[in-house]
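Heads up: the structure comes next, in C-alpha coordinates.
Letters go in sequence order (proteins before strands), and every chain restarts at 1.
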2 protein chains.
Amino acid sequence: MRRTFHRAPEAERRQELIAATLDCISELGLKGATVREITARAGVTAGLVRHYFETKDQLIAAAYRSLIASLTEKAENLTGDPESRLRDFIVINLTEPVANSRSLSLWAAFISQVGSDPVLAAVHREGYLAFRDSLEGLIADFRVLRGLTADPGICRAQAIAINGLMDGLWLEGCLAGDLFADGELIRIATGSVEALLGLSLQGAG
Amino acid sequence: MRRTFHRAPEAERRQELIAATLDCISELGLKGATVREITARAGVTAGLVRHYFETKDQLIAAAYRSLIASLTEKAENLTGDPESRLRDFIVINLTEPVANSRSLSLWAAFISQVGSDPVLAAVHREGYLAFRDSLEGLIADFRVLRGLTADPGICRAQAIAINGLMDGLWLEGCLAGDLFADGELIRIATGSVEALLGLSLQGAG
DNA sequence: GAGGTAATTATTCAAGTGTACAATAAGCAA
DNA sequence: TTGCTTATTGTACACTTGAATAATTACCTC
(Lines give C-alpha, C1' and ligand atoms only; values in the text may rest on other atoms or scores of the structure.)
Protein backbone atom coordinates (compact mmCIF):
# COMPACT_ATOMS: atom_id res chain seq x y z
CA MET A 1 0.00 0.00 0.00
CA ARG A 2 1.29 3.41 -0.99
CA ARG A 3 1.77 5.99 1.75
CA THR A 4 -0.72 8.79 1.97
CA PHE A 5 0.47 12.32 1.22
CA HIS A 6 -0.56 15.94 1.18
CA ARG A 7 -0.66 18.07 -1.96
CA ALA A 8 0.97 21.36 -1.03
CA PRO A 9 0.87 24.68 -2.89
CA GLU A 10 3.88 25.09 -5.11
CA ALA A 11 5.49 28.00 -3.23
CA GLU A 12 5.10 26.26 0.10
CA ARG A 13 6.64 22.97 -0.99
CA ARG A 14 9.52 24.74 -2.71
CA GLN A 15 10.20 26.61 0.49
CA GLU A 16 10.11 23.39 2.51
CA LEU A 17 12.64 21.81 0.19
CA ILE A 18 14.90 24.84 0.44
CA ALA A 19 14.65 24.91 4.22
CA ALA A 20 15.45 21.20 4.42
CA THR A 21 18.42 21.74 2.13
CA LEU A 22 19.82 24.45 4.39
CA ASP A 23 19.30 22.24 7.43
CA CYS A 24 21.23 19.43 5.78
CA ILE A 25 24.10 21.68 4.76
CA SER A 26 24.43 23.30 8.15
CA GLU A 27 24.42 19.98 10.00
CA LEU A 28 26.16 17.68 7.55
CA GLY A 29 27.93 19.93 5.08
CA LEU A 30 27.38 20.19 1.35
CA LYS A 31 28.33 16.58 0.81
CA GLY A 32 25.73 15.50 3.34
CA ALA A 33 23.01 17.36 1.50
CA THR A 34 21.91 14.45 -0.67
CA VAL A 35 18.59 14.35 -2.43
CA ARG A 36 17.47 11.52 -0.21
CA GLU A 37 18.46 13.26 3.03
CA ILE A 38 16.91 16.54 1.95
CA THR A 39 13.61 15.01 0.92
CA ALA A 40 13.48 12.82 4.00
CA ARG A 41 13.71 15.93 6.19
CA ALA A 42 11.09 17.67 4.10
CA GLY A 43 8.79 14.69 4.61
CA VAL A 44 8.57 13.73 0.96
CA THR A 45 10.20 11.19 -1.30
CA ALA A 46 13.28 11.70 -3.45
CA GLY A 47 11.53 11.84 -6.77
CA LEU A 48 9.77 15.06 -5.86
CA VAL A 49 12.87 17.20 -6.15
CA ARG A 50 12.76 16.86 -9.90
CA HIS A 51 9.22 18.12 -9.95
CA TYR A 52 10.23 21.47 -8.42
CA PHE A 53 13.83 21.85 -9.60
CA GLU A 54 15.30 20.89 -12.93
CA THR A 55 18.38 19.58 -11.18
CA LYS A 56 19.78 19.25 -7.69
CA ASP A 57 22.27 22.04 -8.40
CA GLN A 58 19.40 24.42 -8.99
CA LEU A 59 17.96 23.51 -5.61
CA ILE A 60 21.34 24.27 -4.05
CA ALA A 61 21.53 27.63 -5.82
CA ALA A 62 18.02 28.50 -4.68
CA ALA A 63 19.04 27.64 -1.13
CA TYR A 64 22.04 29.97 -1.40
CA ARG A 65 19.83 32.82 -2.59
CA SER A 66 17.53 32.18 0.32
CA LEU A 67 20.43 32.22 2.78
CA ILE A 68 21.85 35.49 1.46
CA ALA A 69 18.44 37.09 1.73
CA SER A 70 18.03 35.99 5.33
CA LEU A 71 21.49 37.29 6.24
CA THR A 72 21.19 40.70 4.60
CA GLU A 73 17.57 41.72 4.47
CA LYS A 74 17.41 43.06 8.02
CA ALA A 75 20.51 45.20 7.61
CA GLU A 76 19.30 46.58 4.31
CA ASN A 77 15.89 47.70 5.49
CA LEU A 78 16.94 49.96 8.35
CA THR A 79 14.92 53.07 9.09
CA GLY A 80 15.51 56.18 11.16
CA ASP A 81 18.31 58.71 11.21
CA PRO A 82 21.77 57.71 9.94
CA GLU A 83 23.19 57.38 13.43
CA SER A 84 20.62 54.97 14.76
CA ARG A 85 20.74 53.05 11.50
CA LEU A 86 24.47 52.65 11.97
CA ARG A 87 24.01 51.45 15.52
CA ASP A 88 21.28 49.03 14.44
CA PHE A 89 23.53 47.79 11.64
CA ILE A 90 26.16 46.82 14.20
CA VAL A 91 23.74 45.11 16.55
CA ILE A 92 21.84 43.19 13.88
CA ASN A 93 24.95 41.73 12.33
CA LEU A 94 26.38 40.56 15.65
CA THR A 95 23.30 39.01 17.23
CA GLU A 96 20.94 36.17 16.41
CA PRO A 97 19.79 35.08 13.94
CA VAL A 98 22.50 36.54 11.72
CA ALA A 99 25.33 35.60 14.06
CA ASN A 100 25.26 31.96 15.05
CA SER A 101 27.13 28.83 14.15
CA ARG A 102 24.46 27.66 11.76
CA SER A 103 24.74 30.80 9.66
CA LEU A 104 28.49 30.45 9.57
CA SER A 105 28.37 26.80 8.50
CA LEU A 106 26.01 27.63 5.70
CA TRP A 107 27.89 30.71 4.58
CA ALA A 108 31.22 28.87 4.59
CA ALA A 109 29.84 25.89 2.71
CA PHE A 110 28.71 28.12 -0.12
CA ILE A 111 31.77 30.38 -0.08
CA SER A 112 33.96 27.34 -0.51
CA GLN A 113 32.19 26.68 -3.81
CA VAL A 114 32.01 30.24 -5.08
CA GLY A 115 35.45 29.98 -6.64
CA SER A 116 34.58 26.95 -8.73
CA ASP A 117 30.84 27.22 -9.39
CA PRO A 118 29.93 30.08 -11.75
CA VAL A 119 26.27 29.97 -10.81
CA LEU A 120 27.01 30.37 -7.11
CA ALA A 121 29.64 33.01 -7.91
CA ALA A 122 27.04 35.15 -9.64
CA VAL A 123 24.58 34.77 -6.79
CA HIS A 124 27.34 35.69 -4.37
CA ARG A 125 28.77 38.79 -6.00
CA GLU A 126 25.33 40.27 -6.49
CA GLY A 127 24.52 39.97 -2.81
CA TYR A 128 27.95 41.10 -1.64
CA LEU A 129 28.10 44.29 -3.65
CA ALA A 130 24.59 45.28 -2.67
CA PHE A 131 25.53 44.83 0.97
CA ARG A 132 28.70 46.91 0.77
CA ASP A 133 27.03 49.63 -1.26
CA SER A 134 24.31 49.99 1.32
CA LEU A 135 26.94 50.31 4.05
CA GLU A 136 28.82 52.91 2.02
CA GLY A 137 25.63 54.95 1.63
CA LEU A 138 24.97 54.66 5.33
CA ILE A 139 28.43 55.98 6.14
CA ALA A 140 28.04 58.87 3.72
CA ASP A 141 24.73 59.84 5.31
CA PHE A 142 26.22 59.70 8.77
CA ARG A 143 29.20 61.84 7.80
CA VAL A 144 26.92 64.48 6.32
CA LEU A 145 24.82 64.44 9.48
CA ARG A 146 27.97 65.27 11.46
CA GLY A 147 28.97 68.03 9.11
CA LEU A 148 31.75 66.17 7.30
CA THR A 149 32.28 65.78 3.57
CA ALA A 150 30.89 62.72 1.83
CA ASP A 151 34.08 62.44 -0.23
CA PRO A 152 33.72 59.22 -2.28
CA GLY A 153 37.32 58.14 -1.69
CA ILE A 154 36.99 58.48 2.07
CA CYS A 155 33.58 56.83 2.18
CA ARG A 156 34.85 53.93 0.09
CA ALA A 157 37.86 53.34 2.31
CA GLN A 158 35.79 53.58 5.47
CA ALA A 159 33.15 51.25 4.04
CA ILE A 160 35.80 48.69 3.17
CA ALA A 161 37.35 48.91 6.62
CA ILE A 162 34.07 48.79 8.54
CA ASN A 163 32.71 46.05 6.31
CA GLY A 164 35.86 44.06 7.00
CA LEU A 165 35.67 44.73 10.71
CA MET A 166 32.04 43.64 10.88
CA ASP A 167 32.65 40.53 8.79
CA GLY A 168 35.57 39.57 10.99
CA LEU A 169 33.74 40.14 14.26
CA TRP A 170 30.75 38.26 12.90
CA LEU A 171 33.11 35.39 12.12
CA GLU A 172 34.62 35.43 15.59
CA GLY A 173 31.22 35.55 17.19
CA CYS A 174 29.88 32.67 15.11
CA LEU A 175 32.94 30.52 15.60
CA ALA A 176 33.38 31.02 19.30
CA GLY A 177 30.54 33.01 20.73
CA ASP A 178 31.17 31.36 24.09
CA LEU A 179 34.54 33.12 24.36
CA PHE A 180 32.84 36.51 24.61
CA ALA A 181 30.84 38.05 27.42
CA ASP A 182 27.30 39.26 26.79
CA GLY A 183 27.40 42.32 24.61
CA GLU A 184 31.19 42.34 24.51
CA LEU A 185 31.39 41.99 20.74
CA ILE A 186 28.87 44.77 20.22
CA ARG A 187 30.77 47.03 22.58
CA ILE A 188 34.04 46.32 20.79
CA ALA A 189 32.41 46.80 17.41
CA THR A 190 30.84 50.11 18.39
CA GLY A 191 34.08 51.47 19.80
CA SER A 192 35.97 50.29 16.75
CA VAL A 193 33.55 51.85 14.29
CA GLU A 194 33.81 55.12 16.20
CA ALA A 195 37.60 54.94 15.99
CA LEU A 196 37.52 54.12 12.29
CA LEU A 197 35.09 56.93 11.50
CA GLY A 198 36.69 59.39 13.89
CA LEU A 199 33.19 60.10 15.19
CA SER A 200 31.32 59.08 18.30
CA LEU A 201 28.04 57.21 18.30
CA GLN A 202 25.84 58.91 20.90
CA GLY A 203 23.57 56.71 22.90
CA ALA A 204 25.80 53.72 22.34
CA GLY A 205 27.17 51.45 25.05
CA MET B 1 50.99 -5.58 -17.59
CA ARG B 2 51.13 -3.62 -14.38
CA ARG B 3 52.24 0.01 -14.52
CA THR B 4 55.67 0.89 -13.18
CA PHE B 5 55.86 3.03 -10.05
CA HIS B 6 58.23 4.78 -7.73
CA ARG B 7 58.69 3.90 -4.08
CA ALA B 8 58.75 7.21 -2.22
CA PRO B 9 59.89 7.92 1.34
CA GLU B 10 56.96 7.91 3.73
CA ALA B 11 57.07 11.61 4.63
CA GLU B 12 57.27 12.64 1.01
CA ARG B 13 54.37 10.54 -0.20
CA ARG B 14 52.23 11.61 2.72
CA GLN B 15 52.95 15.20 1.83
CA GLU B 16 52.05 14.57 -1.81
CA LEU B 17 48.74 13.06 -0.80
CA ILE B 18 48.00 16.00 1.48
CA ALA B 19 48.90 18.50 -1.23
CA ALA B 20 46.71 16.70 -3.75
CA THR B 21 43.88 16.69 -1.22
CA LEU B 22 44.12 20.45 -0.76
CA ASP B 23 44.19 20.94 -4.52
CA CYS B 24 41.03 18.90 -4.90
CA ILE B 25 39.22 20.75 -2.13
CA SER B 26 40.17 24.17 -3.42
CA GLU B 27 39.12 23.39 -6.98
CA LEU B 28 36.19 21.04 -6.47
CA GLY B 29 35.11 21.50 -2.87
CA LEU B 30 35.06 18.90 -0.14
CA LYS B 31 32.61 16.75 -2.03
CA GLY B 32 34.95 16.71 -5.01
CA ALA B 33 37.84 15.48 -2.91
CA THR B 34 37.24 11.79 -3.52
CA VAL B 35 39.88 9.16 -2.91
CA ARG B 36 40.10 8.51 -6.62
CA GLU B 37 40.49 12.15 -7.60
CA ILE B 38 43.06 12.80 -4.88
CA THR B 39 45.20 9.81 -5.76
CA ALA B 40 44.95 10.52 -9.48
CA ARG B 41 46.39 13.97 -8.87
CA ALA B 42 49.10 12.56 -6.66
CA GLY B 43 50.00 10.15 -9.45
CA VAL B 44 49.19 6.99 -7.52
CA THR B 45 46.29 4.57 -7.36
CA ALA B 46 43.37 4.73 -4.99
CA GLY B 47 44.38 1.86 -2.78
CA LEU B 48 47.45 3.69 -1.55
CA VAL B 49 45.49 6.06 0.65
CA ARG B 50 44.75 3.24 3.03
CA HIS B 51 48.46 2.54 3.36
CA TYR B 52 49.22 6.01 4.69
CA PHE B 53 45.98 6.91 6.43
CA GLU B 54 43.69 4.69 8.41
CA THR B 55 40.68 6.34 6.81
CA LYS B 56 39.92 9.08 4.34
CA ASP B 57 38.71 11.32 7.17
CA GLN B 58 42.17 11.21 8.71
CA LEU B 59 43.68 12.36 5.44
CA ILE B 60 41.23 15.26 5.42
CA ALA B 61 42.14 16.19 9.00
CA ALA B 62 45.85 16.04 8.16
CA ALA B 63 45.19 18.34 5.21
CA TYR B 64 43.43 20.80 7.49
CA ARG B 65 46.37 20.86 9.91
CA SER B 66 48.68 21.48 6.98
CA LEU B 67 46.52 24.35 5.74
CA ILE B 68 46.38 26.06 9.14
CA ALA B 69 50.14 25.81 9.42
CA SER B 70 50.66 27.39 6.02
CA LEU B 71 48.27 30.21 6.82
CA THR B 72 49.66 31.07 10.24
CA GLU B 73 53.33 30.12 10.40
CA LYS B 74 54.63 33.23 8.68
CA ALA B 75 52.68 35.56 10.94
CA GLU B 76 53.78 33.70 14.05
CA ASN B 77 57.50 33.78 13.35
CA LEU B 78 57.99 37.50 12.99
CA THR B 79 61.24 39.08 14.15
CA GLY B 80 62.36 42.62 14.82
CA ASP B 81 60.93 45.37 16.99
CA PRO B 82 57.20 45.34 17.83
CA GLU B 83 56.40 48.06 15.34
CA SER B 84 57.93 46.39 12.29
CA ARG B 85 56.43 43.07 13.42
CA LEU B 86 53.02 44.71 13.46
CA ARG B 87 53.55 46.14 9.99
CA ASP B 88 54.77 42.78 8.69
CA PHE B 89 51.77 41.10 10.28
CA ILE B 90 49.46 43.29 8.24
CA VAL B 91 51.31 42.81 4.97
CA ILE B 92 51.74 39.06 5.30
CA ASN B 93 48.07 38.42 5.99
CA LEU B 94 46.90 40.52 3.05
CA THR B 95 49.26 39.35 0.32
CA GLU B 96 50.04 36.07 -1.40
CA PRO B 97 50.19 33.30 -0.55
CA VAL B 98 47.99 33.82 2.51
CA ALA B 99 45.47 35.99 0.70
CA ASN B 100 44.17 34.38 -2.48
CA SER B 101 41.03 32.65 -3.56
CA ARG B 102 42.54 29.21 -3.09
CA SER B 103 43.25 29.87 0.58
CA LEU B 104 39.73 31.11 1.05
CA SER B 105 38.14 28.11 -0.65
CA LEU B 106 40.14 25.77 1.52
CA TRP B 107 39.53 27.68 4.72
CA ALA B 108 35.80 27.93 4.06
CA ALA B 109 35.47 24.27 3.18
CA PHE B 110 36.92 23.28 6.54
CA ILE B 111 35.12 25.96 8.54
CA SER B 112 31.82 24.70 7.19
CA GLN B 113 32.55 21.35 8.83
CA VAL B 114 33.95 22.62 12.12
CA GLY B 115 30.50 22.83 13.61
CA SER B 116 29.68 19.20 12.96
CA ASP B 117 33.03 17.42 13.00
CA PRO B 118 34.63 17.26 16.48
CA VAL B 119 38.04 16.32 15.09
CA LEU B 120 38.16 19.33 12.79
CA ALA B 121 36.75 21.48 15.58
CA ALA B 122 39.67 20.61 17.83
CA VAL B 123 42.20 21.25 15.08
CA HIS B 124 40.55 24.58 14.41
CA ARG B 125 40.28 26.01 17.90
CA GLU B 126 43.86 25.16 18.69
CA GLY B 127 45.11 27.09 15.67
CA TYR B 128 42.72 29.98 16.19
CA LEU B 129 43.58 30.66 19.80
CA ALA B 130 47.32 30.45 19.14
CA PHE B 131 46.91 32.98 16.37
CA ARG B 132 44.92 35.45 18.44
CA ASP B 133 47.20 35.08 21.46
CA SER B 134 50.23 35.90 19.36
CA LEU B 135 48.47 39.00 18.05
CA GLU B 136 47.54 40.03 21.58
CA GLY B 137 51.17 39.69 22.66
CA LEU B 138 52.27 41.72 19.68
CA ILE B 139 49.86 44.51 20.58
CA ALA B 140 51.03 44.52 24.19
CA ASP B 141 54.65 44.79 23.10
CA PHE B 142 53.86 47.64 20.78
CA ARG B 143 51.93 49.55 23.42
CA VAL B 144 54.81 49.23 25.86
CA LEU B 145 57.21 50.45 23.18
CA ARG B 146 55.08 53.59 22.83
CA GLY B 147 54.94 54.14 26.56
CA LEU B 148 51.36 52.95 27.12
CA THR B 149 50.09 50.44 29.65
CA ALA B 150 49.73 46.81 28.61
CA ASP B 151 46.43 46.59 30.48
CA PRO B 152 45.03 43.08 29.76
CA GLY B 153 41.48 44.29 29.20
CA ILE B 154 42.57 46.89 26.69
CA CYS B 155 44.94 44.52 24.90
CA ARG B 156 42.25 41.87 24.69
CA ALA B 157 39.68 44.23 23.21
CA GLN B 158 42.18 45.63 20.73
CA ALA B 159 43.31 42.15 19.75
CA ILE B 160 39.73 41.08 19.12
CA ALA B 161 39.03 44.17 17.05
CA ILE B 162 42.23 44.01 15.01
CA ASN B 163 41.93 40.28 14.56
CA GLY B 164 38.40 40.81 13.29
CA LEU B 165 39.48 43.64 11.01
CA MET B 166 42.29 41.59 9.52
CA ASP B 167 40.09 38.53 9.07
CA GLY B 168 37.47 40.62 7.33
CA LEU B 169 39.90 42.40 5.04
CA TRP B 170 41.56 39.08 4.25
CA LEU B 171 38.13 37.80 3.31
CA GLU B 172 37.37 40.76 1.09
CA GLY B 173 40.75 40.48 -0.58
CA CYS B 174 40.38 36.76 -1.21
CA LEU B 175 36.83 37.04 -2.48
CA ALA B 176 37.30 39.99 -4.78
CA GLY B 177 40.93 40.99 -4.98
CA ASP B 178 40.25 42.47 -8.40
CA LEU B 179 38.02 45.13 -6.84
CA PHE B 180 40.99 46.69 -5.04
CA ALA B 181 43.90 48.67 -6.41
CA ASP B 182 47.46 47.53 -5.75
CA GLY B 183 48.27 48.01 -2.10
CA GLU B 184 44.87 49.52 -1.36
CA LEU B 185 43.90 46.88 1.19
CA ILE B 186 47.23 47.20 2.98
CA ARG B 187 46.87 50.96 3.12
CA ILE B 188 43.35 50.69 4.48
CA ALA B 189 44.41 48.05 6.98
CA THR B 190 47.37 50.09 8.20
CA GLY B 191 45.29 53.20 8.64
CA SER B 192 42.57 51.23 10.40
CA VAL B 193 44.96 49.54 12.79
CA GLU B 194 46.42 52.94 13.66
CA ALA B 195 42.92 54.26 14.32
CA LEU B 196 42.03 51.25 16.46
CA LEU B 197 45.23 51.45 18.48
CA GLY B 198 45.23 55.22 18.67
CA LEU B 199 48.87 55.08 17.60
CA SER B 200 50.67 55.77 14.35
CA LEU B 201 52.82 53.26 12.53
CA GLN B 202 55.93 55.11 11.42
CA GLY B 203 57.41 54.11 8.11
CA ALA B 204 54.09 52.81 6.90
CA GLY B 205 52.83 53.87 3.46
C1' DG C 1 73.96 -10.41 -7.83
C1' DA C 2 70.09 -12.90 -4.48
C1' DG C 3 66.46 -12.54 -1.16
C1' DG C 4 63.23 -10.30 1.71
C1' DT C 5 60.32 -6.48 2.96
C1' DA C 6 56.68 -3.56 2.19
C1' DA C 7 55.10 0.09 -0.91
C1' DT C 8 52.14 0.07 -4.69
C1' DT C 9 48.86 -1.73 -8.04
C1' DA C 10 44.67 -3.88 -9.62
C1' DT C 11 40.43 -5.82 -8.68
C1' DT C 12 36.41 -6.40 -6.20
C1' DC C 13 32.37 -5.26 -3.25
C1' DA C 14 28.51 -3.23 -0.87
C1' DA C 15 26.50 1.04 -0.10
C1' DG C 16 25.10 5.40 -1.73
C1' DT C 17 24.54 8.88 -5.62
C1' DG C 18 21.42 11.78 -8.98
C1' DT C 19 18.07 11.06 -12.21
C1' DA C 20 14.28 8.89 -15.16
C1' DC C 21 9.78 7.21 -15.38
C1' DA C 22 5.55 4.67 -14.80
C1' DA C 23 1.99 4.12 -11.40
C1' DT C 24 -1.04 6.24 -8.19
C1' DA C 25 -4.02 9.15 -5.51
C1' DA C 26 -5.25 13.92 -3.88
C1' DG C 27 -7.89 17.64 -4.77
C1' DC C 28 -10.62 20.43 -7.81
C1' DA C 29 -14.42 21.32 -11.16
C1' DA C 30 -18.70 19.92 -12.93
C1' DT D 1 -20.85 11.47 -7.35
C1' DT D 2 -17.69 11.45 -11.83
C1' DG D 3 -13.81 12.64 -14.29
C1' DC D 4 -9.43 15.29 -14.96
C1' DT D 5 -5.21 17.19 -13.77
C1' DT D 6 -0.94 16.76 -11.67
C1' DA D 7 1.57 16.45 -7.32
C1' DT D 8 3.57 12.66 -5.29
C1' DT D 9 5.14 7.99 -4.76
C1' DG D 10 7.93 3.90 -5.62
C1' DT D 11 11.10 1.53 -8.33
C1' DA D 12 14.78 1.05 -11.39
C1' DC D 13 19.20 2.27 -13.49
C1' DA D 14 23.85 3.54 -14.40
C1' DC D 15 27.38 5.40 -12.01
C1' DT D 16 30.42 6.82 -8.05
C1' DT D 17 31.88 6.24 -3.49
C1' DG D 18 35.25 4.40 0.42
C1' DA D 19 37.22 0.35 1.67
C1' DA D 20 39.17 -4.46 1.69
C1' DT D 21 42.35 -7.69 -0.27
C1' DA D 22 45.35 -10.36 -3.25
C1' DA D 23 48.94 -9.90 -6.53
C1' DT D 24 53.05 -7.62 -7.88
C1' DT D 25 57.35 -5.12 -8.07
C1' DA D 26 60.65 -1.58 -6.42
C1' DC D 27 64.24 -1.08 -3.43
C1' DC D 28 67.30 -2.13 0.59
C1' DT D 29 70.51 -5.40 2.80
C1' DC D 30 73.59 -8.81 2.59
Margin query: Closer than 3.5 angstrom, by distance alone: can the side chain of Glu172(B) be matched with the main-chain N or O of Leu169(B) as a donor-acceptor pair?
Written below: no
Check: Looking only at side-chain N and O atoms, does Thr34(B) come under 4.0 Å of OP1 or OP2 in dT16(D)?
Finding: no
Notebook entry, point to check: Within the structure shown, what part of the strands sits under 4.0 Å from Tyr52(A) by heavy-atom distance: base, sugar-phosphate, or nothing?
Noted result: sugar-phosphate
Notebook entry, point to check: Are any side-chain N or O atoms of Arg132(A) and backbone N or O atoms of Glu136(A), one a donor and one an acceptor, separated by less than 3.5 Å?
Noted result: no
Notebook entry, point to check: Given dG18(C), dA7(D), dT8(C), which nucleotide is nearest the side-chain atoms of Val35(A)?
Noted result: dG18(C)
Checklist line | Whole-Å gap separating P (dT17(D)) and NZ (Lys31(A)) | finding: 12 Å
Item checked: Heavy-atom closest pair, residues Val98(A) and Asn93(A) -> CG1-O, 3.9 Å
Next item on the list: Round to a whole Å and report the spacing from NE2 of His6(B) to C1' of dT25(D).
Entry: 14 Å
Check: Side chain of Arg2(B), base of dA23(D): donor and acceptor closer than 3.5 Å?
Finding: yes
Next item on the list: Mind checking Thr45(B) for me? I need base, sugar-phosphate or nothing, with any heavy atom below 4.0 Å counting as a touch.
Entry: base
Next item on the list: For the side chain of Phe5(B), starting at C-beta, report the closest nucleotide among dT19(C), dT9(C), dA25(C).
Entry: dT9(C)
Notebook entry, point to check: Can you check the Glu54(B) CD to dA20(D) P distance for me, whole Å?
Noted result: 9 Å
Check: Side chain of Leu48(A): nearest nucleotide among dT17(D), dA7(D), dT25(D)?
Finding: dA7(D)
Next item on the list: Could you state the atom-to-atom distance from CD of Glu10(A) to C1' of dT8(D) in whole Å?
Entry: 14 Å
Note to self: Using whole Å, what does the distance between atom P of nucleotide dT17(C) and atom CZ of Arg50(A) come to?
What the structure shows: 18 Å
Notebook entry, point to check: Considering only side-chain heavy atoms of Arg3(B), which listed nucleotide, dT19(C), dA6(C), dT9(C), is closest?
Noted result: dT9(C)
Note to self: What I want to find out is whether Lys31(B) reaches Glu37(B) closely enough, with some N-O distance under 4.0 Å, to be called a salt bridge.
What the structure shows: no
Next item on the list: Kindly assign one of parallel, tilted or perpendicular to the pair Tyr64(B) and His124(B), based on the angle between their ring planes and the thresholds 30° and 60°.
Entry: parallel
Note to self: Using a heavy-atom cut-off of 4.0 Å across all strands, would you classify Arg13(B) as base, sugar-phosphate, or nothing?
What the structure shows: sugar-phosphate
Notebook entry, point to check: How would you label the contact of Ala8(A) with the nucleic acid (heavy atoms, under 4.0 Å): base, sugar-phosphate, or nothing?
Noted result: sugar-phosphate
Checklist line | First of Lys56(B) and Thr4(B) reached from the 5' end of DNA chain D, by closest nucleotide | finding: Lys56(B)
Next item on the list: Measure from NE2 on His51(B) to C1' on dT21(D) and round the result to the nearest Å.
Entry: 13 Å
Margin query: Within the 4.0 Å heavy-atom criterion, would you say Arg7(B) contacts the bases, only the backbone, or no part of the nucleic acid?
Written below: base
Notebook entry, point to check: Side-chain donor or acceptor of Arg36(A) under 3.5 Å from a matching atom on the base of dG16(C)?
Noted result: no
Margin query: From CD of Glu12(B) over to C1' of dT8(C), roughly how many Å is that when rounded to an integer?
Written below: 15 Å
Notebook entry, point to check: Could you state the CG-P distance from Leu59(A) to dT17(C), rounded to the nearest angstrom?
Noted result: 15 Å
Notebook entry, point to check: With Ile60(B), which of Val119(B), Thr21(B), Ile18(B) fulfils side-chain contact (heavy atoms from CB on, under 4.5 Å)?
Noted result: Thr21(B)
